[in-house]
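Comments concern the structure below.
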Amino acid sequence: MATETSGDLLTPLSSFVGRVDEMVEASRLLRGTRLLTLTGTAGAGKTRLALEVARKEQRGGRQTIMVVELGTCGEQESVASRVSAALDSHIDTGVLLAEARGAGAKLAGWLLVIDNCEHVIGECGLLVGRLLARYPGLQILATSREALRIPGETVYPVNGLPLPGPDGRSSATEYLRSDAVRLFADRARAVVPDFELTQENAADTGAVCERLGGLPLPIELAAQLIRTFSVAELRKRLDDPLSLLVGGWRTASARHRSWRAALTWSYDLLKPMEQLLFRRLSVFPGGFGVDAAAAVLTDEVPASLVPELLTALESKSVIQFPTSRGREEAGAGRFRMLEPVRGYAHQKLLDLHEEEQAYEGLTRWLTALVSPLWRTGIAPLDTWRTAGAELTNLRHALERPAADDDERRLLLVGGLVTLDTSPEAGTDAARLVHSALRAANPESRYRAIALEGAAMLAVRRGAHIEALRVLQEAVDRERATAPSPLLGRLLLRLSLLKEHSGDRSGALEDLTASARVSEHLDDGLTFAVCVGHLARHELTCGDPASAAQLIDRALPAVHTVPTEWQCDVINVAGALAVERDDLSAAERYFAEPLRSVREGPGQAAGLIEGLAVVAVRRLQFDRGLHLISAAEQMGESVTCGLRSHPWWRHRVEAARTAGMNGLATRADRELAWGRSLRSDDVVAYALGDGQPSAPTRDEARHGPLSPRQWAVAALLIKGLTNRQIASRIHVSVRTVETHVRNIRGTLGLRSRSHIAAWAAQTQQE
């Protein structure tokens with residue numbers, strides 16, 4: 001079949017980088033629909049992908065291709081006249097809009113590409129509907145920042161290019177597995193021919209691409225600046241991408257010659273209330289839900305309209321879900337705004353002097369979210385997770401200067417420290433805590449929780465004497481008022497800290513006081529944790545009968561309402577079961593919380609050590625040594641508990657010795673294998689859900705895949721979906737998608753079924 005094109009639009013002037021999966025999927029969708037619309041935010045590369053799909057059809061000789069570009073279609077020119085002009089040499093202009101016998105045959109086998117429909121979406125939708133109805137042989141491939149919303153339309157979202165994954169950041173070669181990085185390098189070489197991605201600039205290049213959300217347009221604009229700046233300098237200057245990214249190609253449309261122009265095009269298409277919400281949402285660098293969005297609108301827009309407005313913004317591609325798979329996989333309606341888009345929205349917020357209203361709404365909402373950590377002794381795990389999802393937003397709100405007398409900052413910094421246990425959080429958190437304590441009223445009701453945060457930070461850096469002093473001050477302040485749930489938690493923390501410092505009698509005194517306060521206030525969760533620690537004292541002192549009575553009182557509460565301290569109690573229950581040689585019960589206790597434990601490595605490590613002791617006592621020596629050495633790599637808990645007690649250490653060392661004696665010459669190899677596993681691989685292995693052993697046990701056998709990639713490949717053998725794999729190995733669906741894409745690239749395979757076949761064959765070798 002002859003191929004017709006409109007002008008030179010199908011002739012590429014630059015290389016097409018990446019998008020292998022998108023090309024395959026878009027082509028597949030085009031086989032089953034007459035109208036495929038590629039949607040996405042500004043600069044996502046919708047036009048280029050559409051033209052590449054059309055070019056693929058052209059090369060296959062399957063379609064007659066015509067391209068109609070609507071980006072410059074203004075008020076003086078209708079969409080119909082623009083489409084008619086493009087098709088005029090093939091059918092009569094009048095035939096396009098009127099019934100005519102045999103007209104459908106003239107367009108049979110045609111693929112009409114209509115580019116940039118968003119600013120004429122209404123007229124374009126009506127015309128496309130009429131064309132499809134009157135010409136049964138016609139197919140249309142459209143690009144738009146929102147769907148046309150007509151019957152029969154298939155919508156395919158186009159997102160940013162894949163970024164470097166967490167497993168691909170150790171060498172320049174691994175960075176080049178990212179399509180975003182490869183696009184940057186390709187466009188940089190176009191202006192500086194000797195540019196190369198090296199070990200020295202790979203991390204900065206990856207950071208630039210991440211900062212730009214993997215979006216092709218800003219990445220290409222940034223790459224052109226390599227003539228002037230090094231990659232490291234470019235990374236630093238991206239604090240103001242709107243002013244920096246202005247050097248687009250002369251042949252590009254006006255809106256694609258700068259990043260600001262591209263975003264302004266989208267912003268101007270929003271309705272006034274949508275623009276208002278778009279600006280206000282810029283105060284959420286960590287994503288947001290409906291309630292958060294309503295909070296920053298204060299009283300300017302009825303809360304009942306917020307879901308509709310969010311839906312409109314998402315449909316127009318200015319906000320999005322975390323994955324392209326939509327609401328179901330993204331969680332409970334949580335949206336995000338890509339960082340380069342958020343920067344534009346934030347500048348609009350500042351230009352219109354709306355920052356005070358937006359940040360007051362943000363602070364008020366975060367205060368309500370964190371308040372349970374102040375009003376309760378030990379909050380349920382669901383409360384921690386809900387508040388923990390806002391860590392980025394919480395840190396952002398605290399970094400913004402505020403009035404000295406805003407006591408809410410004391411509550412927010414206390415919540416920040418409590419929720420963020422990552423090692424890198426310490427320095428910035430300490431600065432924020434000390435600033436809040438110095439500025440706020442010394443008599444503030446929230447002062448004790450900020451002092452608790454300061455004490456926790458001191459513990460993390462090993463300053464136990466300072467931590468004892470600060471925590472004692474917090475306890476004294478709370479004791480000066482009526483007994484509160486917070487006092488119960490502070491006494492519990494003080495008890496654990498005194499025990500760690502060797503003051504056993506003082507620790508028991510504070511622990512008993514905490515239990516009394518909690519029982520008096522009917523705070524069942526804090527009381528259960530206190531009783532669990534009292535059971536630990538009895539067990540390690542050689543009285544398992546008393547420990548059993550106490551642990552039986554504690555377990556129902558932490559089972560009914562899981563808490564962040566759940567592992568402390570369940571570890572004791574598991575250790576008691578080991579002591580009684582009830583290995584089945586012990587395994588259940590240690591395994592149960594692993595699926596829900598937060599990312600505090602010391603907590604998971606204690607449970608994994610328990611499973612290791614159980615394995616050795618069952619004569620599973622290799623598994624026992626794997627888990628013992630893996631737990632050692634995961635670090636220690638920041639609080640004193642069973643894992644740090646000599647009584648438990650003696651049992652773990654006895655298990656290690658028994659395992660090494662049982663395996664003889666193989667023991668050192670099995671210990672090394674356990675040490676090589678990542679934390680999340682360890683959890684999957686401990687629960688029996690993953691197969692991370694293959695790549696680290698025999699690297700040569702399994703080729704260039706990382707342990708995590710092999711775990712994904714092994715699960716593909718079972719025919720699991722990405723979502724099922726993500727659940728098994730405790731990562732996001734987007735991460736699994738990236739792993740599958742990288743495996744294909746590394747092995748040179750074309751599909752998931754090919755990966756599964758390769759992995760199955762490799763397992764048999």
Side-chain angles (χ1 to χ4, degrees), residues 291-292 295 360 362-391 393-395 397-398 402-403 405-421 425 429-430 432-459 467 470-497 510 513-514 517-518 520-530 561 563-565 598 639:
D291 291 342
E360 172 56 29
L362 172 64
T363 301
R364 188 166 57 246
W365 178 71
L366 288 172
T367 299
L369 202 64
V370 173
S371 286
L373 305 180
W374 168 65
R375 291 195 307 265
T376 61
I378 294 178
L381 195 58
D382 286 346
T383 301
W384 285 75
R385 285 174 173 160
T386 301
E390 306 302 334
L391 271 175
N393 295 327
L394 183 56
R395 195 176 295 108
L398 287 167
D405 59 351
D406 189 349
E407 66 174 1
R408 295 174 299 179
R409 292 177 71 83
L410 293 171
L411 174 61
L412 296 182
V413 295
L416 176 67
V417 175
T418 303
L419 295 166
D420 191 355
T421 60
L432 293 170
V433 168
H434 293 147
S435 173
L437 284 169
R438 185 170 56 250
N441 186 335
E443 302 304 318
S444 169
R445 55 181 173 159
Y446 296 135
R447 193 168 188 83
I449 196 170
L451 289 170
E452 179 188 31
M456 292 172 66
L457 290 172
V459 169
V470 175
L471 202 51
Q472 187 65 59
E473 180 185 348
V475 167
D476 293 342
R477 294 185 68 86
E478 282 301 296
R479 273 182 168 156
T481 62
S484 68
L486 177 58
L487 176 60
R489 184 173 80 234
L490 292 173
L491 283 167
L492 176 57
R493 289 198 189 279
L494 187 58
S495 167
L496 296 175
L497 194 51
D510 287 335
S514 176
V517 169
S518 303
H520 172 71
L521 296 173
D522 198 23
D523 182 359
L525 292 180
T526 308
F527 178 73
V529 173
C530 290
V561 185
T563 74
E564 191 66 5
W565 299 63
R598 275 193 6 157
T639 60

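Just so we're clear, the structure is a prediction, and the values are computed from it rather than from any experiment. Atoms considered below: every heavy atom in the structure, side chains included; atoms not considered: hydrogens, waters and symmetry mates.
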Heavy-atom check, side chain of [X] versus side chain of [Y], under 4.5 Å:
X    : Y    : result
T418 : W384 : yes
L412 : L432 : no
T376 : D523 : no
E390 : W365 : yes
L491 : R479 : yes
S371 : L411 : yes
L410 : R445 : no

N-O pairing of R447 and E443 below 4.0 Å:
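Between E443 and R447 there is no salt bridge, as every charged N stays at least 4.0 Å from the carboxylate O atoms.
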
Looking at A440, is its backbone amide N or carbonyl O close enough to the side chain of S444 to form a donor-acceptor pair, meaning the two atoms are under 3.5 Å apart?
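Flag not set: sc S444 to bb A440 has no pair under 3.5 Å.
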
Give the table of side-chain donor-acceptor pairs shorter than 3.5 Å for residues 470-478, with sequence neighbours excluded, one pair per line with atom names and distance.
residue, atom, partner, partner atom, Å
Q472, NE2, D476, OD1, 3.1
R477, NH1, P442, O, 3.4
R477, NH2, P442, O, 2.4
E478, OE1, S484, OG, 2.7

How would you list all residue pairs meeting salt bridge (Lys or Arg N to Asp or Glu O under 4.0 Å) that involve residues 370-381, not counting sequence neighbours?
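As it turns out, there is no salt bridge (Lys or Arg N to Asp or Glu O under 4.0 Å) pair with a partner in residues 370-381 once direct neighbours are skipped.
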
Working to the nearest 0.5 Å, report the span between [atom1] of [X] and [atom2] of [Y].
X    : Y    : atom1 : atom2 : answer
D510 : L490 : CG    : CG    : 10.5 Å
L486 : I378 : CG    : CD1   : 11.5 Å
E452 : M456 : CD    : CE    : 6.0 Å

Taking atom NE2 as the centre, does H520 end up with more than 12 heavy-atom neighbours from other residues, nucleotides or ligands that are less than 6.0 angstrom away?
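Check fails, neighbour count at 12 or below.
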
